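First comes the structure, then the notes that go with it.
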Amino acid sequence: MRILRFDRGGTTLFAERRDGDGPPLVMVPGVMSDARSWRPVVDALNLPNPVIVLNRRGRLPSGPLGAGYSVRTEVDDLHYALDSVGEDMELFGWSYGGLIALEAATERSDLLSVVAYEPVSAPFGLNAIEPLRDALDNGDLDRAVEIVKRTAAGYSAEYLTALREDPVWPVLRPLTHPLADELAAINAHQPAWNRYADIKAPVTLLLGARNEDKPPYGTAFNALARALPQARIVRMSGQGHLAHTEAPDVLAKHLADVVAAQP
């Protein structure tokens, strides 16, 4: 793995790159996630292609969200990174990263494929924003993790109790810093619904079967799927929203199948 650096408009952005041969696969993580979180998926990807995982702004070592932050900021960051790669590429996004990837795909003609794993859009996590701001203003990162997992994502109290004992808990705490502003940006954004059907690259939507038709992720998925009638929908049996941590080999296999199928 080597580190890539992008400087855009006074903000420094970083990414991790696994070298290889062929069109690069560019991966866009969502909230409560960074490039390190996706290393198990990258390691499990049985592909010769280079793999580039973005560290979106708001998570170290990339710079802060910055003034006037919005989904447009993220889309422009992604365009800058893709333009810097400078060749045809495969694009993958998870959750908020899926929304960013789809929005960018409506404005590009150099993508070989687009894969979005349970992308989200407004309304999403609205009732978590103000409690998150309060927790973050008070420096209570444990409370912030609880709010996002229970209030925004809808996980059970039992799940949260087990998560507190997991080694991932201290990793999640600092990832809450940008979360209130990210959720506010998602809810302020109007997706390019009328342009999704015109995305030139083949689109695959990945759905964890445990979330099908269930809020918040299954219902958010359905809204985006309706705007993408051309998309191939793949249901991942036994999975929810966190296959990258719970079953990285399963997610990697689905992703590799899409990339390998491209001419």
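What's counted below: heavy atoms across the whole structure, side chains too, no hydrogens, waters or symmetry copies. Model, not experiment: these values are computed from the prediction.
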_Residue pair Val203 / Arg232, side-chain heavy-atom distance below 4.5 Å_ = no
*Hey, could you give me the CG/CG distance between Leu175 and Leu60, rounded to the nearest 0.5 Å?*
9.0 Å
*Walk me through it: do Lys253 and Asp249 pass the test salt bridge (Lys or Arg N to Asp or Glu O under 4.0 Å)?*
CA-CA 6 Å; Lys253 175 65 166 60; Asp249 53 334; over 6 Å; no
*Enter the distance from Tyr217:OH to Asn222:CG here, rounded to the nearest 0.5 Å.*
15.0 Å
*Output all residues satisfying salt bridge (charged side-chain N to carboxylate O under 4.0 Å, His left out) with Arg235, sequence neighbours left out; order by chain, then residue number.*
Glu212
_Who clusters with Leu141? Use side-chain heavy atoms, under 4.5 angstrom, across I, L, V, M, F, W and Y, and order the result by chain and number._
Leu136
_Close side-chain approach of Arg8 to Thr73, heavy-atom, < 4.5 Å_ = yes
_Counting only heavy atoms from other residues, nucleotides and ligands, does the tally under 6.0 Å from CG of Asp21 exceed 12?_
no
*List for me each residue that meets salt bridge (charged side-chain N to carboxylate O under 4.0 Å, His left out) alongside Asp7, sequence neighbours excluded, and say none if there are none.*
Arg5
*Ignoring hydrogens and angles, tell me if any N or O in the side chain of Glu74 forms a donor-acceptor pair with the backbone of Gly97 under 3.5 Å.*
no
_Minimal non-hydrogen separation, Val41 against Ala252, with atom names_ = O-CB, 3.8 Å
*asked:* Quick check: closest heavy atoms across Ala15 and Ile52, and the distance to 0.1 Å?
replied: CB-CG2, 3.9 Å
*Can you tell me how far the OG1 atom of Thr151 sits from the CG atom of Leu126, to the nearest 0.5 Å?*
12.5 Å
_Heavy-atom donor-acceptor pair, Thr176 side chain to Leu179 backbone, under 3.5 Å_ = no
_Pairs flagged by salt bridge (charged side-chain N to carboxylate O under 4.0 Å, His left out) wherever residues 25-46 is involved - sequence neighbours left out_ = Glu16-Arg39
_Close side-chain approach of Leu205 to Leu228, heavy-atom, < 4.5 Å_ = yes
*Who pairs with Tyr69 by ring pair (Phe, Tyr, Trp, His ring centres under 6.0 Å), at least two apart in sequence or on another chain?*
none
*For the residue pair Trp94 and His244, does the interplanar ring angle fall in the parallel (under 30°), tilted (30 to 60°) or perpendicular (over 60°) class?*
tilted
*Mind checking whether Ser113 and Thr204 have side chains closer than 4.5 Å, heavy atoms only?*
no
*Under the side-chain contact (heavy atoms from CB on, under 4.5 Å) criterion, do Asp198 and Thr106 qualify, and how do the steps go?*
CA-CA 7 Å; Asp198 297 326; Thr106 68; over 6 Å; no
*For residues Val148 and Tyr155, determine if any side-chain heavy atom of one lies less than 4.5 Å from a side-chain heavy atom of the other.*
no
*Exercise: identify the closest heavy-atom pair between Leu45 and Ala256*: CD2-N, 4.0 Å
*Does a side-chain heavy-atom distance below 4.5 Å link Leu255 with Val115?*
yes
*For the atom pair OG (Ser33) and CE (Met27), what is the distance rounded to the nearest 0.5 Å?*
9.0 Å
_On a heavy-atom basis, which atom in Ala184 and which in Arg133 lie closest, and how many Å separate them?_
CB-NH2, 3.7 Å
*List for me each residue that meets ring pair (Phe, Tyr, Trp, His ring centres under 6.0 Å) alongside Phe14, sequence neighbours excluded, and say none if there are none.*
none
*For Arg72, enumerate each residue passing the salt bridge (charged side-chain N to carboxylate O under 4.0 Å, His left out) test, keeping only those at least two apart in sequence or located in another chain.*
Asp76, Glu107
_Between CG on residue Asn187 and NE2 on residue His189, distance to nearest 0.5 Å_ = 11.5 Å
*Please assess Leu99 against Tyr96 for the test side-chain contact (heavy atoms from CB on, under 4.5 Å), listing each intermediate value before the final yes or no.*
CA-CA 5 Å; Leu99 174 65; Tyr96 182 24; 4.3 Å; yes
*Kindly compute the distance separating CG (Leu82) from CG (Asp88), expressed to the nearest 0.5 Å.*
11.0 Å
*Looking only at atom types and distance, does a side-chain atom of Arg18 sit under 3.5 Å from a main-chain N or O of Pro50, one as donor and one as acceptor?*
no
_Between Phe221 and Tyr117 (judged by ring centroids, cut-off 6.0 Å), do the two rings come close enough to count as a pair?_
no
*Ser95 and His241: which non-hydrogen atoms are nearest, and at how many Å?*
OG-NE2, 3.0 Å
*Using the test side chain to side chain donor-acceptor pair (under 3.5 Å), find all partners of Gln239 that sit at least two apart in sequence or belong to another chain.*
none
*Sequence neighbours left out, what passes ring pair (Phe, Tyr, Trp, His ring centres under 6.0 Å) with Phe6? Give chain and number order.*
none
*Would you say the side chain of Leu13 lies within less than 4.5 Å of the side chain of Leu54, judging by non-hydrogen atoms?*
no
*What residues, two or more places apart in sequence or in another chain, satisfy salt bridge (charged side-chain N to carboxylate O under 4.0 Å, His left out) together with Arg108?*
Asp83, Asp110
*Val234, Val250: one ILVMFWY side-chain cluster at the under-4.5 Å cut-off?*
no
_Between Thr11 and Gly63 (side chain of the first, backbone of the second, donor and acceptor by atom type, cut-off under 3.5 Å), is there such a pair?_
no
*Pair Asn49, Glu90: side-chain N/O donor-acceptor within cut-off below 3.5 Å*: no
*In chain order, what residues pass the side chain to side chain donor-acceptor pair (under 3.5 Å) check against His254, with sequence neighbours excluded?*
none
*In chain order, what residues pass the ring pair (Phe, Tyr, Trp, His ring centres under 6.0 Å) check against Tyr80, with sequence neighbours excluded?*
none
*Tell me, do Val31 and Val120 make a side-chain contact under 4.5 Å, heavy atoms counted?*
no
*State whether Arg56 and Asp77 are salt-bridged, where the test is any N-O pair (Lys NZ or Arg NE/NH1/NH2 against Asp/Glu carboxylate O) under 4.0 Å.*
no
_Testing the basics here: between Arg59 and Gly30, what is the closest heavy-atom pair and its distance to 0.1 Å?_
NH2-O, 3.8 Å
*Would you say the side-chain atoms of Arg17 pair up with the backbone N or O of Ile3, donor to acceptor, closer than 3.5 Å?*
no
